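Bear in mind the structure is a predicted one, so any value in this text is a computation, not a measurement.
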Amino acid sequence: MKLFGVISLKATLGGYAKEINHSDKAFYNKNAQYLLERLAHFLELKGIEDKSVSIIFEEGNFDYQKLKALIGKCVRSPQKAATKRLQGRINPSSIKAVPKDDDPLLQLADLAAHALYRLVDDSPSTYGVQEVRYVSELRSKFFSDPDTGLVCGAGIFPVHRLTQIKAEKVVETFLSELSST
């Protein structure tokens with residue numbers, strides 16, 4: 001099992017935010033694209049083709065047809081190297097949304113998402129303390145760069161750079177040094 005995650009702030013979308021008219025649903029879809037690009041990198045390294053891949057998202061208040069359309073556009077005309085990896089690895093028609101209780105693996109996705117959220121959560125209820133322990137405990141489960149062993153940029157993608165997620169210095173240092181071992 002390998003985990004993948006994206007940490008993003010809407011401010012990191014820059015001009016794209018205007019292009020999507022600041023839509024939360026389009027923001028979700030863009031982050032899903034980044035997540036699928038990381039997965040595609042892993043699939044490429046393992047030689048796994050799109051016909052062997054099913055992608056399940058937790059059903060929610062999102063437009064999964066637009067997500068499929070976005071991924072389809074990315075597959076047909078990739079603009080970046082990471083997006084090009086989607087070709088032959090991610091088939092938009094393999095993307096499905098199911099209720100949380102219909103697939104027990106969605107609990108793992110929740111676990112990874114919660115761990116990443118706690119890294120950057122600065123809400124008043126946390127008293128300004130970001131928690132690295134959850135991700136630290138899961139470190140060996142996150143996909144890491146095969147050359148460097150680093151998780152940040154591979155299994156965990158801070159959009160677009162680590163400094164842009166505005167994490168506390170201790171979290172930024174933790175992520176920049178995080179390896180799978």
### Leu175 and Pro158, any side-chain heavy atoms less than 4.5 Å apart
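Pro158 vs Leu175: side chains apart.
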
### Message
Quick check: do Tyr34 and Val159 have side-chain heavy atoms less than 4.5 Å from each other?
### Response
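The answer is yes, as the side chains (C-beta and beyond) meet within the 4.5 Å cut-off.
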
Measure across [X] and [Y] and return the closest heavy-atom pair with its distance rounded to 0.1 Å.
X      : Y      : answer
Gly155 : Phe142 : O-CD2, 3.9 Å
Tyr134 : Ala115 : CB-CB, 3.6 Å
Asp145 : Asp147 : OD1-N, 2.7 Å
Pro146 : His41  : CD-CE1, 4.5 Å

Non-neighbouring partners of [X] that pass salt bridge (charged side-chain N to carboxylate O under 4.0 Å, His left out), sequence neighbours left out:
X      : result
Arg85  : Glu44
Lys169 : Glu172
Glu177 : none

#### Entry: Working for side chain to side chain contact (heavy atoms under 4.5 Å, CB included), residues Val135 and Val151
CA-CA 11 Å; Val135 171; Val151 171; over 6 Å; no

### Query
Same cluster for Ile56 and Leu111 if Ile/Leu/Val/Met/Phe/Trp/Tyr side chains link at under 4.5 Å?
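No; Leu111 is not reachable from Ile56 via cluster members.
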
To the nearest 0.5 Å, what is the distance between [atom1] ([X]) and [atom2] ([Y])?
X      : Y      : atom1 : atom2 : value
Leu138 : Met1   : CG    : CE    : 7.5 Å
Ile48  : Leu39  : CD1   : CG    : 8.5 Å
Lys2   : Ser144 : NZ    : OG    : 6.0 Å
Ile55  : Leu67  : CD1   : CG    : 9.0 Å
Lys30  : Leu35  : NZ    : CG    : 13.5 Å
Asn29  : Gln65  : CG    : CD    : 10.5 Å

### Task
Hey, can you tell me if Phe57 and Tyr64 have their rings parallel, tilted or perpendicular (30° and 60° cut-offs)?
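Tilted: the ring planes of Phe57 and Tyr64 meet at 30° to 60°.
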
### Task
Would you please classify the geometry between the Phe42 ring and the Phe143 ring as parallel, tilted or perpendicular, with 30° and 60° separating the classes?
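Phe143 vs Phe42 ring planes: perpendicular.
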
### Query
Hey, is the main chain of Val170 close enough, under 3.5 Å, to the side chain of Thr173 for a donor-acceptor pair?
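Checking the backbone N and O of Val170 against the side chain of Thr173, no donor-acceptor pair under 3.5 Å is found.
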
### Message
So, using side chain to side chain contact (heavy atoms under 4.5 Å, CB included) as the criterion, who are the partners of Lys51 when residues are at least two apart?
### Response
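For Lys51 the side chain to side chain contact (heavy atoms under 4.5 Å, CB included) partners, ignoring immediate neighbours, are Glu49.
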
Review item, side-chain donor-acceptor pairs of residues 93-109, under 3.5 Å, at least two apart:
unit_1 : atom_1 : unit_2 : atom_2 : d
Ser93  : OG     : Asn91  : OD1    : 2.9
Ser93  : OG     : Asn91  : ND2    : 3.3
Ser94  : OG     : Asn91  : O      : 2.6
Lys100 : NZ     : Asp110 : OD2    : 2.6
Asp103 : OD1    : Leu105 : N      : 2.9

### Query
Do Arg38 and Phe4 meet the cation-pi criteria used here (NZ or CZ under 6.0 Å from the six-membered ring centre, within 45° of the axis)?
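No.
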
Identify each donor-acceptor pair in which a side-chain atom of residues 71-84 lies under 3.5 Å from a protein atom, sequence neighbours left out, and give them as a table.
unit_1 : atom_1 : unit_2 : atom_2 : d
Arg76  : NH1    : Gly72  : O      : 3.1
Ser77  : OG     : Lys73  : O      : 3.3
Gln79  : NE2    : Ser77  : O      : 3.1
Thr83  : OG1    : Glu37  : OE2    : 2.6

